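All figures in this text were calculated on a predicted structure; none of them were measured in a lab.
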Amino acid sequence: MAAPELGEIQETLLIPLYGRARDAAESGGGVLKDTKAVELVDAIDYDFTEFRGPSLGGAVLRASIFDGYIREFLQRHPEGTVVDLGCGLSTRYDRLDNGRLRWFDLDVDDTMTLRRRFFDDSDRYTMIAASLFDPSWHEQVTERGGPLMLVSEAVLLYFSESEVFDVLRSWARRFPDSPLALDTGGRLMMRSQDRNPVFKAVPARMKWEFDDPNTLEPYGLRLEQSRTLAQPQPEVATTWPARYRHGMRLIGWTPMVTGYRINLFALTS
């Protein structure tokens, strides 16, 4: 695939893809064992080596915590529906498919055009080309009925506070009692982006600063769990190499770590 085509999409979605591919190349398959990510990196004509720094490993740890939330949901509702909002080049369905769930990946047109080169729809897996702010997809993901979970990983951070709050309210109204996995970034983390080596390779910057996920209740979210990269679920921590488990604990008190949170909410009508 020629590199100019990649200019039509946000390069930020290539960062976690490369992190997962590097992780999969480690001995034992790494944390996620995401061999599909390796296939995608090999197939895309892009100089991924310009992405460097701790954010690559952080993207892997973040993904594993999100995976843990979804596994918890599927343990309770093995035939439930999962909607990955702003999926980018995520390979999460391949990692978590239990043979019974219903899965929707949603992203904007340019991203989905690229995504369809590597993935196909099936009876339980559907790709939707739409903005997560556009309610046109709401009816499609609820057609089957039953329990539904929304996931938004490293997406809403790139939008303004007013846009985020408006869409959270709309999801709460439309999907009451559904779980939502969502990350938030505090002020110190957000204002240090220009010092992050991985962001030197891309023009996009995160916008939504939010320090306390407990205070999202007025927007229709009740906090169930909130974790940092130093506080994964116990069952998730067992999949991390010792350098991640011990290393994150050593720096887990720092504002840069405590300020970035991977949260599980319940949407309230």
Next item on the list: Mark yes or no for whether Ser178, through its side chain, and Leu267, through its backbone, hold a donor-acceptor pair below 3.5 Å.
Entry: no
Margin query: Going by side-chain hydrogen bond (donor to acceptor under 3.5 Å, both in side chains), name the pairs with one or both residues in residues 63-76, residues two or more places apart or in two chains.
Written below: Ser64-Trp240, Asp67-Arg92, Asp67-Arg95, Glu72-Gln225
Check: Is Glu209 reaching over with its side chain to a backbone N or O of Gly185, donor-acceptor style, under 3.5 angstrom?
Finding: no
Item checked: Donor + acceptor pair across side chains of Arg102, Thr126 (<3.5 Å) -> yes
Next item on the list: Mind checking side-chain hydrogen bond (donor to acceptor under 3.5 Å, both in side chains) for Thr113 and listing every partner two or more places apart, or none if nothing turns up?
Entry: none
Check: Taking the side chain from Arg169 and the backbone from Val164, do they hold a donor-acceptor pair closer than 3.5 Å?
Finding: no
Next item on the list: May I have the step-by-step check of salt bridge (charged side-chain N to carboxylate O under 4.0 Å, His left out) for Arg243 and Glu26, ending in yes or no?
Entry: CA-CA 13 Å; Arg243 71 177 187 280; Glu26 293 188 7; 2.8 Å; yes
Item checked: Heavy-atom donor-acceptor pair, Arg52 side chain to Thr49 backbone, under 3.5 Å -> yes
Notebook entry, point to check: Is it true that a side-chain atom of Asp183 and a backbone atom of Ala154 form a donor plus acceptor pair closer than 3.5 Å?
Noted result: yes
Next item on the list: For the residue pair Arg174 and Thr142, confirm or rule out a side-chain donor-acceptor distance under 3.5 Å.
Entry: yes
Check: Does the Asp23 side chain pair with the main chain of Val60, one donor and one acceptor, at a distance under 3.5 Å?
Finding: no
Check: Hey, would you say the Tyr93 and Phe104 ring centroids sit under 6.0 Å apart?
Finding: no
Next item on the list: Return yes if a side-chain donor-acceptor contact under 3.5 Å exists between Tyr125 and Asp105, otherwise no.
Entry: yes
Next item on the list: Examine distances only and state if a side-chain atom of Arg261 and a backbone atom of Thr184 form a donor-acceptor pair shorter than 3.5 Å.
Entry: no
Show me the donor-acceptor pairs within less than 3.5 Å that the side chains of residues 79-89 make with the rest of the protein, sequence neighbours left out.
from	atom 1	to	atom 2	distance (Å)
Glu79	OE2	Arg100	NH2	3.4

Next item on the list: Would you please indicate yes or no on a ring centroid separation below 6.0 angstrom for Trp171 and Phe165?
Entry: no
Next item on the list: Dump the intermediate steps for salt bridge (charged side-chain N to carboxylate O under 4.0 Å, His left out) on Arg62 and Glu153, then the final yes or no.
Entry: CA-CA 8 Å; Arg62 175 186 72 203; Glu153 178 185 358; 2.8 Å; yes
